[in-house]
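Okay, so here's the structure we're looking at.
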2 protein chains.
Amino acid sequence: MVDTLSQTFSALADPTRRAMLIRLKDGEASVSDLAKPFLKDMSLPAVTKHLQVLERAGLIAKSRAAQWRPCRLKGEGLKDAVDWMEQYRKFWEERFDRLEEYLKTVTAKTKGKGKKHGKGQQ
Amino acid sequence: MVDTLSQTFSALADPTRRAMLIRLKDGEASVSDLAKPFLKDMSLPAVTKHLQVLERAGLIAKSRAAQWRPCRLKGEGLKDAVDWMEQYRKFWEERFDRLEEYLKTVTAKTKGKGKKHGKGQQ
DNA sequence: GCTGTAGTTAACAGTTAAGTTAATTAACCA
DNA sequence: TGGTTAATTAACTTAACTGTTAACTACAGC
């Protein structure tokens with residue numbers, strides 16, 4: 001697993017880490033601030049590891065202030081992941097079946113004009 | 001890992017599986033159709049397993065036709081994941097810093113009216 | 001019934017992930 | 001200097017993930 005997209009999705013595939021990101025929406029927080037809701041369920045080193053995963057995925061950044069390590073959200077890290085998923089939007093939007101049928105009719109008439117924006121993503 | 005969101009993100013955290021989803025955007029495909037691009041790198045049972053992951057995550061559905069198992073995309077499975085990520089959109093959109101500053105001014109004036117749509121997501 | 005094709009299941013091996021406890025680093029404070 | 005707080009690192013365990021090969025199920029067609 002080397003590619004950025006995999007790292008992003010992998011980092012998001014854990015409820016603890018997602019909860020941490022949600023907490024960080026409200027602004028910076030130290031490691032122990034972030035740990036607080038989880039210390040019944042896991043140790044502080046476990047929290048450190050989760051934060052490292054988020055940091056490596058580019059979803060948060062840590063700085064230093066005395067003995068604290070304030071963490072802040074880096075939302076840009078989510079952009080590529082959302083962009084990737086957006087290509088499926090039409091597959092979950094309402095009345096897709098009817099929409100697709102309509103599109104088939106249209107593309108049949110305009111023979112291939114609908115081959116727009118091939119981004120070559122994977 | 002029990003929750004749907006974790007399953008979805010986890011399923012997406014693999015380039016092989018993402019490539020399979022991309023292939024399925026073009027329409028139904030059998031297991032061996034889907035396997036074709038990967039058989040240099042992995043065996044057919046490995047492909048089966050990837051498809052099982054996607055199926056359990058609700059991202060694809062398998063049917064039966066003679067000895068084939070046509071797979072089709074189930075884009076609705078991505079909806080919740082995208083919705084979750086959308087809450088961070090403002091964090092990656094351009095000039096966020098200035099936007100945030102502006103919002104702070106606004107909410108300071110309207111004292112609390114900006115507390116909209118608390119979806120209780122995690 | 002036999003043979004080929006499509007796909008899954010079983011059993012196993014290697015790697016990574018996620019947690020633990022104990023020890024360590026680093027800064028503050030008195 | 002010594003104690004406290006904040007956080008990380010080290011070493012280890014366990015479980016899950018990803019892949020393998022070999023065996024099996026199921027259907028098609030002669």
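To find a chain, count down the sequence lines: A is the first, B the second, and so on, and within it residues start at 1. What you are looking at is a predicted structure, and each value in this text was computed from that prediction instead of being measured.
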Any side-chain N or O of Thr48(B) under 4.0 Å from OP1/OP2 of dG7(C)? no
Atom CG of Leu51(B) to atom C1' of dG19(D): distance rounded to whole Å? 15 Å
Under a 4.0 Å N-O cut-off, is there an ion pair linking Glu76(B) with Lys79(B)? no
Shortest side-chain distance from Gln67(B), nucleotide among dA22(D), dT5(C), dG7(C): dT5(C)
Map Ala65(A) and Lys49(A) onto DNA chain C by nearest heavy atom, then report which one ends up closer to the 5' terminus. Lys49(A)
Just N and O in the side chain of Lys62(A): are any of them under 4.0 Å from OP1 or OP2 of dT8(D)? yes
Nearest listed nucleotide, side chain of Val53(A), among dA7(D), dA18(C), dT8(C): dA18(C)
Can you check whether Ser43(B) has a side-chain N or O nearer than 4.0 Å to OP1 or OP2 of dG19(D)? no
Specify the separation, in whole Å, of atom CG of Asp14(A) and atom P of dG19(C). 6 Å
Nearest listed nucleotide, side chain of Pro45(A), among dT9(C), dG19(C), dA22(C): dA22(C)
Under 4.0 angstrom between Arg64(A) side-chain N/O and dA26(C) OP1 or OP2: no
Is the distance from OP1 or OP2 of dG19(D) to the nearest side-chain N or O of His50(B) less than 4.0 Å? yes
Quickly work out the Trp68(A) CH2 to dT8(D) P distance and round it to whole Å. 14 Å
Using a strict cut-off of less than 4.0 Å between a Lys/Arg side-chain nitrogen and an Asp/Glu carboxylate oxygen, indicate whether Glu86(A) and Arg89(A) qualify as a salt bridge. yes
